[in-house]
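One structure below.
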Amino acid sequence: MKVFVLIERRADYSRYRPILAKMKEDSFFEIYLVVTGACLLDLHGKDVNYIEEDGFVINAKIPMFKAGNPDNGAEMVRSMARVLEGVTNELEASKPDIVLSGFDIGGNFAVTIAAAHMNIPVAHIQGGEVTGSIDESIRHAMSKFSHIHFPATQDAKNRLIRLGENPKDIYVTGCPSIDVLVNTPYLPKEELEKEFDVDFSKPLLLMIQHPVTTEAKSSLDQIKETINAIKNKGVQAIVLLPNNDAGHAQIIEEIKNSGLKWLPSLSTIKFVNLYRNAWALIGNSSSGIHETPSLKIPTINIGNRQMGRERAANVIDVPNDQELIEEAIEKALFDTDFRNFVRGIENPYGTGNSAETIVTLLKTIDFDEVSIQKVFYEGL
């Protein structure tokens, strides 16, 4: 089976990586891997280098963003148009048996649309979840262009059925990024403390805050509230730069001028080991929802980007308000009862066997029986 996969950002690579690793080990699969988007940009850490270091062969690179172009929604649309044309050419040339798409990201939206028009079956990972931002619309639209669904939870499956997807084509698999947390080798704490100039025995925040596309004009004000709260609490923090959705430029500039430690990106092994030693995550990344329950640490989830998403009880939701963010930091780092409670929670997004489940399903589903013609499921 030739499987076409497109990677645009650090976030989707973290989910694809364990699946790609298992397919690479199995002669049943031939991977056709395309890299685009922020993964090709120096400003965002050029994660294409980490993909290659992990041993994956990249079959094509499609430039999606142009340096110096406007930081707005219109440029997001133009970037999707660029990758849509490029990925259509790659699909035509590679002739895959299936496209494995995922999540709610523009590049994967493009390949899903293209494959559906070209009568290539699409299996979509993590459909049915709700979020804020334009991601909400993209994710549900991708589900309507897809033929097989690998949602992370039963709640997401139920939502896909309400969207008109046939239950026989929906398989609950969990979130594959948890597989990475479970299986990444451990690095010595002392090495990491020296490299990042931190002390893991003291409170440490890992911050990942992206722009909210529907609130792009407020990006600068929002990031200031978070940065000021962290600085006012006087705790250690390491900041990863955001993705390049509309509104990102002001966030990056403010982070760079904040005096906080920041990094454009990290290799998977260093990111996971830093994550394991953080006391809490702060920002608005889906990682805070999907992954921190498995690490048994709190998440301070700020603003509307993850609005409505199914979550464990370790998540502290706050608006973009410095005073309330400071209160959340106090609870996440210093409330002993809350931190002890978090150590006992379960992750609704799975236990770390998602990649194995997805790869097994790809091998066992009879795709000759999968209808390319979508029909709205009305129930029995």
Side-chain angles (χ1 to χ4, degrees), residues 3 5 11-12 15-16 19 97-106 108-179 286 289-291 293 304-313 315 346-380:
V3 182
V5 176
D12 51 317
R15 289 163 172 78
Y16 279 132
I19 301 169
D97 296 300
I98 187 170
V99 166
L100 186 63
S101 77
F103 331 117
D104 51 16
I105 300 174
N108 271 270
F109 187 26
V111 74
T112 302
I113 293 171
H117 279 77
M118 298 168 74
N119 295 327
I120 303 168
V122 178
H124 182 221
I125 302 169
Q126 283 191 258
E129 296 179 24
V130 293
T131 62
S133 191
I134 192 65
D135 301 352
E136 169 89 5
S137 301
I138 290 176
R139 185 183 297 262
H140 298 325
M142 289 174 71
S143 293
K144 299 311 298 180
F145 280 96
S146 300
H147 309 93
I148 296 293
H149 307 277
F150 297 143
T153 68
Q154 183 64 42
D155 180 67
K157 175 179 178 177
N158 294 342
R159 192 170 291 108
L160 285 169
I161 295 170
R162 294 199 299 273
L163 285 168
E165 298 304 300
N166 195 316
K168 73 178 181 63
D169 298 323
I170 306 173
Y171 306 85
V172 176
T173 63
C175 174
S177 63
I178 299 169
D179 298 35
S286 61
I289 307 295
H290 290 137
E291 295 157 26
N304 295 323
R305 190 169 184 266
Q306 303 302 331
M307 181 174 58
R309 199 168 222 152
E310 186 178 359
R311 62 200 65 206
V315 179
E346 293 186 0
N347 193 337
Y349 291 94
T351 58
N353 62 346
S354 177
E356 181 68 37
T357 303
I358 289 171
V359 168
T360 300
L361 285 166
L362 289 174
K363 292 180 72 171
T364 55
I365 293 171
D366 186 352
F367 284 93
D368 291 333
E369 297 296 319
V370 174
S371 176
I372 291 294
Q373 175 62 61
K374 293 296 293 286
V375 177
F376 195 94
Y377 177 74
E378 300 280 5
L380 298 175

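As a basis for the values below, the full set of heavy atoms in this structure was taken, side chains included, without hydrogen atoms, waters or symmetry mates.
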> Given the rule in the side chain to side chain contact (heavy atoms under 4.5 Å, CB included) test, do N108 and Y16 qualify, once you have shown the distances and angles that lead to the verdict?
Replying inline: CA-CA 12 Å; N108 271 270; Y16 279 132; 2.7 Å; yes
>> Measuring from atom CD1 of I148 to atom CG of L362, what distance do you get when rounded to the nearest 0.5 angstrom?
In response: 9.0 Å
>> Return the NE2 to CD1 distance between H124 and I170, rounded to the nearest 0.5 Å.
In response: 12.5 Å
> Heavy-atom distance under 4.5 Å between the side chains of P293 and Y349, does that happen here?
Replying inline: no
>> Testing the basics here: between P121 and D97, what is the closest heavy-atom pair and its distance to 0.1 Å?
In response: CD-O, 3.4 Å
> How far apart are the closest heavy atoms of S143 and L160, and which atoms are they?
Replying inline: OG-CD2, 3.3 Å
>> Counting C-beta onward and ignoring hydrogens, is there a side-chain heavy-atom pair between E136 and V130 closer than 4.5 Å?
In response: yes
> Does the side chain to side chain contact (heavy atoms under 4.5 Å, CB included) test come out yes or no for T357 and F150, once each step is laid out?
Replying inline: CA-CA 9 Å; T357 303; F150 297 143; over 6 Å; no
> If every non-hydrogen atom of R309 is compared with every non-hydrogen atom of D104, which pair is closest and at what distance?
Replying inline: NH2-OD2, 4.3 Å
> Are a donor atom and an acceptor atom from the side chains of S286 and R15 found within less than 3.5 Å of each other?
Replying inline: yes
> Which pair of non-hydrogen atoms, one from H147 and one from D169, has the smallest distance, and what is that distance?
Replying inline: O-CB, 3.5 Å
> Does the side chain of Q126 reach to within under 4.5 Å of the side chain of P176, using non-hydrogen atoms?
Replying inline: yes
>> One pair to check against side chain to side chain contact (heavy atoms under 4.5 Å, CB included): F109 and M142. What are the steps and the verdict?
In response: CA-CA 6 Å; F109 187 26; M142 289 174 71; 3.5 Å; yes
> Side chains of E129 and H290: donor-acceptor distance under 3.5 Å anywhere?
Replying inline: yes
>> How long is the straight-line distance from CZ of R139 back to CG of L163, given to the nearest 0.5 Å?
In response: 12.0 Å
> How far does CG of D155 sit from CD of E310, to the nearest 0.5 angstrom?
Replying inline: 4.5 Å
> Which distance, rounded to the nearest 0.5 Å, do you find between the OG1 of T112 and the CD1 of I120?
Replying inline: 11.0 Å
> Which heavy atom in S101 sits nearest to a heavy atom in V122, and how many Å separate them?
Replying inline: OG-CG1, 3.5 Å
>> For the NZ atom of K374 and the OG atom of S146, what is their distance to the nearest 0.5 Å?
In response: 6.5 Å
>> Are the side chains of V5 and I19 in contact, using a 4.5 Å heavy-atom criterion?
In response: no
> Taking all non-hydrogen atoms of both residues, which atom of A156 and which atom of P151 are closest, and how far apart?
Replying inline: CB-CB, 3.8 Å
> Around E346, counting heavy atoms of other residues, nucleotides and ligands shown, do more than 12 lie under 6.0 Å from its CD?
Replying inline: no
>> Given 3.5 Å as the limit, does a donor-acceptor pair link the side chain of N304 with the main chain of G132, or not?
In response: no
>> Set out, in order, the CA-CA distance, both residues' side-chain angles and the distance that settles side chain to side chain contact (heavy atoms under 4.5 Å, CB included) for T131 and R305, then state yes or no.
In response: CA-CA 6 Å; T131 62; R305 190 169 184 266; over 6 Å; no
